[in-house]
Amino acid sequence: MSEPSLRRAPPSLATTGIGSLPHTELEEGLRAALSLDIPFLPQLPVGRPSELMLPQALEGLPGLSWDGTGRCEVDLEVWSAGRADFEARLEAALDSGDCEAFEPSPEACRAWRPFLGQVARHALPFAKAQLAGSFTARTLVRTREGVPCLDVPGLDAGIHRLVLARCLGMVRALRRTGTTPLFFLDEPGLYAFTRGAPRHALALQEARLLVEALRHEGAWVGVHCCAQTDWAVLLDAGLDVLALDVRLSLDAVLEESGPLARFLAAGGRLSLGLLPTASAYDVDELVDAVEVSLEAALPPGHALADGSLPVLLTPACGLALQAVADAEHLLARLQEARARLERMLTSRARL
């Protein structure tokens with residue numbers, strides 16, 4: 001990976017969030033998101049389905065509608081009627097480099113502007129934001145006839161270009177505050193990725209170009225996938241960060257020894273979704289189990305104990321389905337997990 005100028009590396013063992021929180025009060029959601037080592041943009045979808053993953057990412061797409069669960073569909077007749085104007089505005093923004101008009105509106109993300117203000121006010125060295133990735137958007141969103149948007153020429157490209165413009169707008173806005181953005185593309189739809197499918201191969205190439213565009217803007221760019229997928233393909237996709245659910249996927253990622261070795265050698269790092277969101281756990285047991293798995297299976301030259309494997313720490317997934325008290329407790333436990341890892345590494349270094 002070539003290193004664009006002005007990119008600072010996030011500190012190892014830094015904690016951050018995946019994105020969604022259950023808070024209904026903006027100030028409380030911001031306070032929770034700012035409590036971690038790398039503050040994150042809180043998505044607050046409870047009672048506001050426009051802030052769910054897909055409606056938020058595709059705001060402004062002609063013909064888009066959604067229900068209370070965030071399930072989206074596109075009316076092709078409305079899409080066709082609005083397509084020319086939409087594409088003209090989109091291409092003008094991308095050609096000029098001014099994508100501010102495609103940043104999230106208060107309806108899609110009411111924390112966006114206040115979050116930028118907090119990042120600037122506190123001169124935060126790092127700040128995380130996220131958006132649904134274009135593969136997930138194009139495979140999970142369907143037309144009213146039930147056809148995946150990935151299979152609809154024109155609409156397929158329109159969605160990808162919209163996601164590109166919104167990501168660029170968000171990264172540039174964060175950069176203007178003086179921070180280094182950590183930007184995750186949320187791609188749960190990668191569970192459906194098939195290496196031999198021509199449309200999937202093209203979508204993957206488009207995703208690689210999107211990642212490179214964001215890296216060129218000075219962001220650290222990751223993909224978060226809380227499902228099983230073709231991890232070898234993702235490890236070779238030019239990412240800075242691969243974010244995963246530890247219980248679900250860490251062993252599968254470690255089995256991809258060749259791609260993992262290339263990813264780490266190129267400066268990539270893992271973001272470990274350490275704390276599960278839907279089951280009981282013991283922090284010490286989880287930390288110990290992760291440490292054992294990493295030390296047993298990492299490629300030569302990389303070890304958690306000697307600091308040669310920088311990692312980030314997160315919950316396994318978003319927290320919007322939790323009670324507010326449970327979500328805040330989980331974020332506090334994440335800080336405990338980091339402290340446990342730090343003590344373990346300090347102890348190892350003394351041996």
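This one's a predicted model, so the numbers in the text were calculated from it and none came from an experiment. The residues of the chain are indexed from 1 along the displayed sequence.
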task = Given side-chain contact (heavy atoms from CB on, under 4.5 Å), test Leu44 with Arg110 step by step and report yes or no.
result = CA-CA 8 Å; Leu44 306 173; Arg110 57 181 165 145; 4.0 Å; yes
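- Distance check, rounded to the nearest 0.5 Å: CG of Leu164 to SG of Cys99 gives 7.0 Å.
- Checked by atom type and distance alone, the side chain of Arg121 never pairs as donor or acceptor with a backbone atom of Leu116 at under 3.5 Å.
- Using a 30° and 60° split on the angle between ring planes, Phe86 and Trp79 fall in the perpendicular class, above 60°.
- With hydrogens and angles disregarded, a donor-acceptor distance shorter than 3.5 Å links the side chain of Thr229 to the backbone of Leu190.
- Residues Pro49 and Pro55 come closest through the heavy atom pair O-CG, 3.5 Å.
- With hydrogens and angles left out, the side-chain atoms of Ser105 and Glu107 include no donor and acceptor closer than 3.5 Å.
- Tyr281 and Leu319 fall within a single hydrophobic cluster, where Ile, Leu, Val, Met, Phe, Trp and Tyr side chains are chained together by heavy-atom contacts under 4.5 Å.
- Side-chain N or O atoms of Glu103 include none that pairs as donor or acceptor with a backbone N or O of Met170 at under 3.5 Å.
- Residue Met344 comes nearest to Glu291 through the heavy atom pair SD-CG, 3.3 Å, listed as atom of the first residue, atom of the second, then distance.
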Less than 3.5 Å apart, which donor and acceptor atoms pair up between the side chains of residues 254-271 and the rest of the protein, not counting sequence neighbours?
from, atom 1, to, atom 2, distance (Å)
Arg262, NE, Asp236, OD1, 3.1
Arg262, NH2, Asp236, OD2, 2.9
Arg269, NH1, Pro10, O, 2.6

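- With a 4.5 Å cut-off on side-chain heavy atoms, Trp231 and Cys225 count as touching.
- Residues Pro42 and Leu30 form a side-chain contact, since some pair of their non-hydrogen atoms from C-beta on lies under 4.5 Å apart.
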task = Start with the C-alpha distance between Leu182 and Asp240, add both sets of side-chain angles, then the distance that settles side-chain contact (heavy atoms from CB on, under 4.5 Å), and finish with yes or no.
result = CA-CA 9 Å; Leu182 176 63; Asp240 295 306; over 6 Å; no
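- Between Leu286 and Leu274, the shortest heavy-atom contact is CD1-O, 3.6 Å.
- Atom CG of Leu321 has 12 or fewer heavy atoms from other residues, nucleotides or ligands within 6.0 Å.
- The one candidate from Val246, Leu298, Leu250 that meets the side chain to side chain contact (heavy atoms under 4.5 Å, CB included) condition with Ser293 is Leu250.
- Put simply, the side chain of Gln56 never gets that close to the backbone of Ser50: no donor and acceptor are under 3.5 Å apart.
- In plain terms, the two heavy atoms of Glu187 and Phe135 that are nearest each other are OE2-N, 3.3 Å.
- Between Leu54 and Cys72, the shortest heavy-atom distance links the atoms CB-SG, 3.7 Å.
- A salt bridge links Arg340 with Asp288: at least one charged nitrogen is closer than 4.0 Å to a carboxylate oxygen.
- In this structure, Leu150 and His200 have side chains that are in contact, with non-hydrogen atoms separated by less than 4.5 Å.
- Leu124 is connected to Leu313 through a chain of hydrophobic side-chain contacts under 4.5 Å among Ile, Leu, Val, Met, Phe, Trp and Tyr, so both are in one cluster.
- Contact check for Leu214 versus Trp220: no side-chain heavy atoms found under the 4.5 Å cut-off.
- Under the rule for a side-chain hydrogen bond (donor to acceptor under 3.5 Å, both in side chains), the partners of Ser249 that lie at least two apart in sequence or sit in another chain are Gln228.
- Tested against Val287, the residues Val290, Asp284, Val283 include a single side chain to side chain contact (heavy atoms under 4.5 Å, CB included) partner, Val283.
- Two different hydrophobic clusters hold Leu58 and Leu52 under the rule that ILVMFWY side chains link at heavy-atom gaps under 4.5 Å.
- The residues Glu27 and Arg31 are annotated as not salt-bridged, no charged nitrogen and carboxylate oxygen being separated by less than 4.0 angstrom.
- Between Glu217 and Arg175 there is no salt bridge, since no side-chain nitrogen of the basic residue lies less than 4.0 Å from a carboxylate oxygen of the acidic one.
- Sequence neighbours left out, the pairs with a member in residues 10-23 that pass side chain to side chain donor-acceptor pair (under 3.5 Å) are Thr15-Asp37, Thr15-Gln335, His23-Glu328.
- To the nearest 0.5 Å, atom CG of residue Asp245 and atom SG of residue Cys226 are 7.0 Å apart.
- A 4.5 Å side-chain heavy-atom check between Ile18 and Gln130 finds every atom pair outside the cut-off.
- Within the 3.5 Å criterion, the main-chain N or O of Asp98 finds a donor-acceptor partner in the side chain of Ser96.
- With hydrogens and angles disregarded, a donor-acceptor distance shorter than 3.5 Å links the side chain of Arg8 to the backbone of Pro125.
- One side chain, His122 or Gln118, offers a donor N or O that lies under 3.5 Å from an acceptor on the other.
- A donor-acceptor contact shorter than 3.5 Å links the side chain of Thr177 to the backbone of Leu174.
- Panel note: side chain Thr194, backbone Gly196; no donor-acceptor pair is recorded below 3.5 Å.
- Interatomic distance, Lys128 NZ to Thr180 OG1, rounded to the nearest 0.5 Å: 15.5 Å.
- With values rounded to the nearest 0.5 angstrom, Leu239 atom CG is found 8.0 Å from Leu185 atom CG.
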ask   = Should Leu234 and Val253 be marked as a side-chain contact (heavy atoms from CB on, under 4.5 Å) after you check the CA-CA gap, both sets of side-chain angles, and the distance that decides it?
value = CA-CA 10 Å; Leu234 270 186; Val253 169; over 6 Å; no
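- Although no hydrogens or angles enter the test, the distance criterion places a donor-acceptor pair under 3.5 Å between the side chain of Ser80 and the main chain of Leu76.
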task = Run the numbers on Phe40 and Thr314 for side-chain contact (heavy atoms from CB on, under 4.5 Å), then give the verdict.
result = CA-CA 11 Å; Phe40 65 98; Thr314 73; over 6 Å; no
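- Clustering ILVMFWY residues whenever any of their side-chain heavy atoms sit less than 4.5 angstrom apart, transitively, puts Leu34 in the very cluster that holds Leu36.
- A search for side-chain hydrogen bond (donor to acceptor under 3.5 Å, both in side chains) contacts involving Arg208 returns nothing, not counting sequence neighbours.
- Atoms CG and CD1, from Leu61 and Ile159 in turn, are 5.5 Å apart once rounded to the nearest 0.5 Å.
- Glu28 contributes atom CD, which lies 10.0 Å from atom CG of Leu26 (distance to the nearest 0.5 angstrom).
- When each of Leu210, Val211, Val171 is tested with Val221 by the rule side chain to side chain contact (heavy atoms under 4.5 Å, CB included), just one qualifies, namely Val211.
- Side-chain contact between Leu312 and Leu272: absent, with no pair of heavy atoms (C-beta onward) separated by less than 4.5 Å.
- Among residues at least two apart or in separate chains, side chain to side chain donor-acceptor pair (under 3.5 Å) pairs with a member in residues 150-170 are Glu91-Arg161, Ser134-His160, Arg138-Asp156, Asp156-Arg199.
- When the side chains of ILVMFWY residues are joined at heavy-atom separations under 4.5 Å, either directly or via intervening members, Leu235 and Tyr191 end up in a single hydrophobic cluster.
- Using a 4.5 Å heavy-atom cutoff, the side chains of Pro106 and Trp112 are not in contact.
- Residue pairs that meet the side chain to side chain donor-acceptor pair (under 3.5 Å) test with at least one member in residues 66-76, sequence neighbours left out, are Asp67-Thr69, Glu73-Arg144, Asp75-Arg144.
- Looking at every heavy atom in both residues, Leu131 comes nearest to Cys167 through CD2-SG, 3.8 Å.
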